[in-house]
J.: 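Could you have a look at this structure, given as structure tokens, before my questions?
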Amino acid sequence: HNIDPHVVLPANDAMPYALKGILELPECGWAILDIGCDKSLLTIGIGTKICQTRAFKLGSSAVDQALMEAFELKMPVI
């Protein structure tokens with residue numbers, strides 16, 4: 001397979017561009033927060049323009065771990 005470097009997007013940018021074709025984005029400001037396992041992606045836009053995309057090293061696994069520690073729970077063994 002040949003990959004054209006002119007059409008390759010970083011993961012942080014690919015998701016919001018893909019969503020522009022799926023969702024009807026409002027003309028006013030909007031935000032999408034994609035919470036993953038180990039990282040989360042926040043995209044902020046106005047109309048069809050993506051103004052800011054930011055990745056955070058915080059995901060659902062960190063929330064799970066914090067809840068387990070707070071309630072003194074142990075991970076079940078499967």
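The first residue in the sequence is number 1, and the count goes up from there.
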J.: Output all residues satisfying side-chain contact (heavy atoms from CB on, under 4.5 Å) with Ile35, sequence neighbours left out; order by chain, then residue number.
T.: Leu33, Ser40, Ser60
J.: Quick one: are Thr53 and Leu41 in side-chain contact, heavy atoms under 4.5 Å?
T.: yes
J.: When you measure from the side chain of Trp30 to the backbone N and O of Ile44, does any donor-acceptor pair fall under 3.5 Å?
T.: no
J.: Output the distance between atom NZ (Lys39) and atom CG (Asp34), rounded to the nearest 0.5 Å.
T.: 9.0 Å
J.: Please lay out, stage by stage, how Ile32 and Leu42 fare under the test side chain to side chain contact (heavy atoms under 4.5 Å, CB included).
T.: CA-CA 6 Å; Ile32 298 171; Leu42 177 64; over 6 Å; no
J.: Donor-acceptor pairs under 3.5 angstrom involving side-chain atoms of residues 68-76: please list them, not counting sequence neighbours.
T.:
residue: Glu69; atom: OE2; partner: Gln65; partner atom: NE2; Å: 3.1

